[in-house]
Protein chains: 2
Amino acid sequence: MARASRRATVDSILASAERACATAGVRLTAKRRALLATLLQQSQAMSAYELAEQYRQDHGESIPTMSVYRMLDFLAEQNLVHKLGAINKYIACAHISCSHRHETPQFLICDDCHSVSEVEVEAETLDTLGQGVEATGFHLRSRQLELHGLCDHCYKRAAS
Amino acid sequence: MARASRRATVDSILASAERACATAGVRLTAKRRALLATLLQQSQAMSAYELAEQYRQDHGESIPTMSVYRMLDFLAEQNLVHKLGAINKYIACAHISCSHRHETPQFLICDDCHSVSEVEVEAETLDTLGQGVEATGFHLRSRQLELHGLCDHCYKRAAS
DNA sequence: TCAGTTATGTTACAACATAACAAAAAAGGA
DNA sequence: TCCTTTTTTGTTATGTTGTAACATAACTGA
Ligand SMILES: [Zn+2]
Ligand SMILES: [Zn+2]
Ligand SMILES: [Zn+2]
Ligand SMILES: [Zn+2]
């Protein structure tokens, strides 16, 4: 049943994504939607080339990497996926179905197994950080942090 | 005179780097030193390939990119340079000649002119951030943040 | 000197990303 | 509907970043 429930969750997230795109007045085409579906079913961050291969397996149709990059650019603009610049990989947003507005995401990247968690950080802490930085005359564009380390699983395995 | 004083500054930083390597019991070879000198004279972060080309111009000798990567790895281990993972570039540490121990550096990266500043952030704020993250079970490896935005110069130019 | 280690060079290739242009699909009005 | 315009997707070629594997050179310490 895990599989069925996972499937249902993906479908409901896709429905939310469709509504978000309709509201924004942009087109979530069949291919963009299919690519998002592929990414949603991954537990790890994926490179564009890995996604092209997974898409081929999932949908029985090959797709140029060039198109994958363009679709990822589109999805990232709509905040449906996030690009992790430090490792050149992409992850589906964990909050597509949330009603609240999209807060700046923070990512914890395991340097061993490459799993990625999208977490919330206290707004107050981020504000303090941002104010300290802007006091130097710099103007932050994004408060998306990408923090590296070990996930609990890999940490415990390394300790043994 | 600006050129002469700049030259002197670079020389004194190189002398500090030599002392640091001697203390650590590692070898700052002539090529590693020459590469560090090249990087010290840049005002922007440089990719490994850009550095290979600049090295060739500075020292009248070509150098394999493979060697540049290895030297940069060495210099980064000694905290003489920092790698900016988000943009795949390298920058000389701004504190080589400082006597105090090397704090975790924080970088402000201008997305327009690509200038990079190495700044201090209040330790307390970083601790709060780190504690929040570690409370989720994640184990941070580094607290080096790479923040993107616009430097004051580019910000004002964009506003006009 | 000579063996062992570290550093650097060479070649080949893998992985990531984009430029330039062509074809197809969708949108919108006469 | 038909035609025009715009957007999306495909194709080809190439640029950029990084590493593997192995050879040679330089240094170090008996
Ligand atoms: Zn998100
Ligand atoms: Zn892990
Ligand atoms: Zn530094
Ligand atoms: Zn700037």
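Only this structure's heavy atoms are used, side chains among them; waters, hydrogens and symmetry mates stay out.
When each of C:dG9, C:dC16, C:dA7 is scored by its nearest atom to the side-chain atoms of B:Lys31, the top-ranked nucleotide is C:dG9. Listed nucleotides: C:dG9, D:dT9, D:dG18. Nearest to the side chain of A:Ser67: D:dT9.
Residue A:Gln57 places its CD atom among more than 12 non-hydrogen atoms of other residues, nucleotides or ligands, all under 6.0 Å distant.
Stacking between A:Tyr49 and C:dC16 is present: the aromatic ring centre lies within less than 5.5 angstrom of the base six-membered ring centre, and the two planes differ by under 30 degrees.
No contact: B:Lys89 has no heavy atom under 4.0 Å from any strand. At the heavy-atom level, A:Arg27 lies under 4.0 Å from the strands shown only through sugar-phosphate atoms. Counting non-hydrogen atoms under 4.0 angstrom, B:Arg32 reaches the backbone sugars and phosphates but no base.
A donor-acceptor pair is defined here as one N or O able to donate and one able to accept, closer than 3.5 Å; such a pair exists between the side chain of A:Gln42 and the backbone of A:Thr38.
Comparing A:Arg70 and A:Ala48 against DNA chain C, the residue whose closest nucleotide sits nearer the 5' end is A:Ala48.
Among all heavy-atom pairs drawn from A:Ala48 and A:Tyr69, the shortest one is CB-CZ, 3.5 Å. The two residues B:Phe74 and B:Cys21 make their nearest non-hydrogen contact at CZ-SG, 4.3 Å. Closest heavy-atom contact between B:Cys110 and B:Leu150: SG-CA, 4.0 Å.
The stretch residues 57-66 of chain A touches DNA chain C through A:Met66, each having a heavy atom within less than 4.0 Å of the strand.
Between the CG atom of B:Asp73 and the P atom of D:dT17 there is a distance of 16 Å, given to the nearest Å. The distance from atom CD1 of B:Ile87 to atom P of C:dC16 is 19 Å, rounded to the nearest whole Å. Taking atom CE of B:Met46 as the reference point, atom C1' of D:dT17 lies 15 Å away to the nearest angstrom.
Looking at A:Glu61 and A:Lys31, a side-chain N of the basic residue comes within less than 4.0 Å of a carboxylate O on the acidic one, giving a salt bridge.
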